[in-house]
Structures are given as structure tokens and as C-alpha cells.
Amino acid sequence: GYHSLTVRNCIIRQSGTGSTSSAMLLSGGVNMTIDNNTISTHSTSSRGMWINYTNSSFFTNNTVNITGTGTAVEADFSYFNRYVYNTLNTSGSNAEVLHLDGDSHHNNVTFNTIWSTGGRGIYVDGADNNSVVGNIIFTAGSATHGYAIYLVSAINNTIQENNATATGNGGSFAMATVTINNVILNNNFSAGDAWEMVDTTGSARVNHLIYNNTYGEIKWTDNSSNGTLTDMDLNITNGLGFGFGKNLDIINNSVALNTSGMNMTVYLNTTANISFFGITQYATAPQVFRLGNHSLNSTDTVSVGTDC
């Protein structure tokens, strides 16, 4: 492998075929910089960038276009890498955009733009302790190949402040098999006619769904699992998606959840811990009111709501 190698401002094209064919292959490298390159493939099952046993490297401002059924960026057994401000596109059926695979741990995937008309967006498979933050993701594939973000056998990952949209019949976020102790924080999920969140991990797998800001926090819980959520399926029925300003609001002294826009037969209909931040201290204890319908008007909540 190579150490401290820089590849910058290059145009790289690949036309070979097969699962080992790649426009760029990095193997055994450390402290590499891959910056502002345009990378493309035009064949079946190939990769734009294949990052194999490569650690502590920086991938930024690259544009990767895949027209076959391959993967834009695949990382295998690679640690402590940063993928920042890249634009990654795939157009083939069942293609994948960014795939953290094979024990690729402690990576940062941040502020990328990810687009797939036939496959998954970000796929974390057997990879732990990664941060997926602030990405814009769009997918239009079918079923499991259409998930915008997909965690499989993934542990201790942080999925935070992403805008994930799925227009096919997949979903914007999904978890499967032994996926445990992941934090799903402040994301915007939108899935049209599909489900915003799909959780098939089973009741023994605990993950954390949280929304917070300077005004407060809502954290879904499940009393059967000692206070953490074990199933976070979510199906939005009004077409607005789910996140801040999308059937969920946390504003000054109020938390509003629009359950009329959700399929409440699924498991997100559980207990939630609600916290308020920065409340003015009064001589007497403040009152907490619950309003049965969705409203951002605190006056309505106090005048019509029920004293908890």
C-alpha cells in the first residue's frame, strides 16, 4: 500500500467488467487524500472507488458517476476515513452509492450529496462506530434496494441530521438483523407511499430515536426494554415525511406530534420521554398540558388541553 499519497483534480474513467473492476482501487494505504476528482464507470458490477484496508484518509469534493449496477464508493476493512462533500450518483438497477462493508469502523460520512435512481443510498453492513451526518440522500429503487439509509448488523453508529428521501417502494431508513445501539438523531425522512422507517431487527435489538434542539427533546421509549425503543417502524400517511417541520415540532415550551398523519398501528406508538430546556424558573411549579390534536399554538394547549 501507499502512505500519504494525494490524488487531486483527475478525470478517471473505467469500462471493464466484473466485481473486482474499479475506476480507482486503494488498498493498504494510510493518510491518503483523494480530492476533487471526477470518476466514472460504464459497466456491470464495477466500482467507482474501492477502498480496501485503507485507513485515516480523506475523500472530499469528488464526483463519482456509475451507470452500471455497481457501487460508487465501497469501503472494506477500512478505518478512520472521512468522506466529506462528495457527489455520488448511480443509475443502474440495484446499484449502491456508498457502502461501508466488512468491518469498516470509525468512519465519518458527512455533507455528501447521494443520488440513486435504482439502488440504495448509504449502506452500512457489518460496520460499527461510524458517523453519518448531514448528508442529502435521494433514492428511487424498489424494496430493500431502494432504502436511502440501510443498517445491517451495524452497532454503535450515529445517523444524524440527514435529509433522506425515497420515492420508490423501499423506504427512507431501515435496519435489519443484529443492528444494536445506534442513535437516530434529528433526521428528516420522506418516503412517499413507502414507509419512512422500517425496523426488522426484532424486539431484542435496542436502538435510539431522538429529536432535540435548544427548546427541548423527545426520545421514544419502550417500557419492556428498560426505557429504550426496540421497534421503530413508522409509516407517514399524509405525504409530509417525518422530522422537524414534518409532523414533528419542538418550539418554545411545546412539543407537537401530528399523529393524524401517521399509521398509528405500528410500533412508534409507544411511550416517549419529553424534556423542555431553558424554562423560566417560577415561584410555583409549572403546569404541563396535553392537547389531543396537533397544534403549534401554546394558548390553545393551555386553554383546551388536559392538565397532566
Side-chain angles (χ1 to χ4, degrees), residues 73 75 79-86 88 96-101 103-116 119-139 144 146-166 170-191 194-201 205-213 217-222 228-236 241-248 250 267-268 272:
V73 176
Y79 304 84
F80 298 105
N81 295 311
R82 292 178 295 153
Y83 306 88
V84 184
Y85 291 117
N86 300 286
L88 311 176
E96 294 170 351
V97 184
L98 194 153
H99 187 177
L100 297 180
D101 192 16
D103 298 322
S104 289
H105 307 318
H106 300 284
N107 299 285
N108 288 316
V109 179
T110 53
F111 307 121
N112 301 282
T113 299
I114 290 173
W115 186 283
S116 176
R120 302 182 183 113
I122 296 177
Y123 182 23
V124 181
D125 183 10
D128 307 332
N129 296 293
N130 298 289
S131 294
V132 177
V133 179
N135 301 283
I136 299 172
I137 308 157
F138 174 89
T139 62
T144 61
Y147 293 141
I149 303 174
Y150 190 27
L151 308 184
V152 177
S153 298
I155 300 173
N156 295 332
N157 298 283
T158 298
I159 312 299
Q160 180 177 343
E161 296 177 355
N162 301 283
N163 284 293
T165 301
S172 48
F173 175 77
M175 298 184 295
T177 65
V178 187
T179 295
I180 304 172
N181 202 37
N182 299 282
V183 175
I184 318 304
L185 174 64
N186 289 353
N187 297 280
N188 281 317
F189 294 136
S190 181
W195 286 38
E196 274 63 27
M197 293 190 286
V198 179
D199 184 0
T200 62
T201 60
R205 319 301 185 194
V206 173
N207 294 281
H208 311 276
L209 179 63
I210 305 168
Y211 284 85
N212 60 26
N213 57 22
E217 176 180 87
I218 179 168
K219 179 187 297 184
W220 275 267
T221 63
D222 184 339
T228 50
L229 190 63
T230 57
D231 197 326
M232 56 177 70
D233 291 309
L234 177 63
N235 180 213
I236 299 296
F242 190 72
F244 286 124
K246 299 179 178 180
N247 293 303
L248 172 68
I250 302 175
Y267 294 99
L268 195 59

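What you see below is based on every heavy atom in this structure, not just the backbone, and it leaves out hydrogens, waters and symmetry mates. FYI, the numbering just counts along the sequence from 1.
In this structure, CD1 on Ile218 lies 11.5 Å from CG on Asn213, to the nearest 0.5 angstrom. With rounding to the nearest 0.5 Å, the separation of CG in Asn247 from CD1 in Ile236 is 4.5 Å.
Contact check for Leu234 versus Phe189: no side-chain heavy atoms found under the 4.5 Å cut-off. Proximity of Met197 to Leu209: side-chain heavy atoms (C-beta onward) are separated by under 4.5 Å at one or more points. Side-chain contact between Met175 and Leu151: present, with at least one pair of heavy atoms (C-beta onward) separated by less than 4.5 Å. The closest side-chain heavy-atom distance from Thr179 to Asn207 is below 4.5 Å. Residues Glu217 and Ile210 are in side-chain contact: their nearest non-hydrogen atoms beyond the backbone lie under 4.5 Å apart.
When all heavy atoms of Ser131 and Asn108 are compared, the pair lying nearest together is CB-OD1, 3.3 Å. Minimum heavy-atom separation, Ala191 to Gly171: CB-CA, 4.3 Å. A pairwise comparison of heavy atoms in Val124 and Asn130 identifies CG1-ND2, 4.4 Å as the closest pair. In this structure, Ala194 and Gly170 approach most closely via the heavy-atom pair CB-O, 3.0 Å. Closest approach of Asn81 to Asn107, counting heavy atoms only: N-OD1, 2.9 Å. The two atoms that bring Asp199 and Met232 nearest to each other are OD2-N, 3.1 Å, heavy atoms only.
Take Tyr79 and apply the ring pair (Phe, Tyr, Trp, His ring centres under 6.0 Å) test, not counting sequence neighbours, and it matches His105. Judged as a side-chain contact (heavy atoms from CB on, under 4.5 Å), and not counting sequence neighbours, the contacts of Glu161 are Asn186. Residues passing the side-chain contact (heavy atoms from CB on, under 4.5 Å) test with Ser190, sequence neighbours excluded: Thr165. Under the side-chain hydrogen bond (donor to acceptor under 3.5 Å, both in side chains) criterion, Asn188 pairs with Asn163, sequence neighbours left out. In this structure, the side-chain contact (heavy atoms from CB on, under 4.5 Å) partners of Thr139, at least two apart in sequence or on a different chain, are Ser116, Ile137, Ala148, Ala166. Residues forming a side-chain contact (heavy atoms from CB on, under 4.5 Å) with Val152 (at least two apart in sequence, or on another chain): Tyr123, Asp125, Tyr150, Ala176, Thr177.
Side-chain atoms of Asp128 and Asn156 form no donor-acceptor pair, as typed in the model, at a separation below 3.5 Å.
For Asn182 (side chain) and Thr158 (main-chain N/O), no donor-acceptor pair under 3.5 Å exists by modelled atom type. Judged by distance alone, with hydrogens and angles left aside, the side-chain atoms of Asn181 form no donor-acceptor pair with the main-chain N or O of Ile155 at under 3.5 Å. Checking side-chain atoms of Tyr211 against main-chain N and O of Asn187 turns up a donor-acceptor pair under 3.5 Å.
Of the residues listed (Asn135, Asn112, Thr113), the one engaging Asn86 in a side chain to side chain donor-acceptor pair (under 3.5 Å) is Asn112, and it is the only one.
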* To do: Take Val97 and Trp115, measure what side chain to side chain contact (heavy atoms under 4.5 Å, CB included) needs, and give me the verdict at the end.
  => CA-CA 7 Å; Val97 184; Trp115 186 283; over 6 Å; no

* To do: Output, in order, the C-alpha distance, side-chain angles, deciding distance and verdict of side chain to side chain contact (heavy atoms under 4.5 Å, CB included) for Leu88 and Tyr83.
  => CA-CA 11 Å; Leu88 311 176; Tyr83 306 88; over 6 Å; no

* **side chain to side chain contact (heavy atoms under 4.5 Å, CB included) evaluation trace for Leu185 with Asn212** => CA-CA 8 Å; Leu185 174 64; Asn212 60 26; 3.8 Å; yes

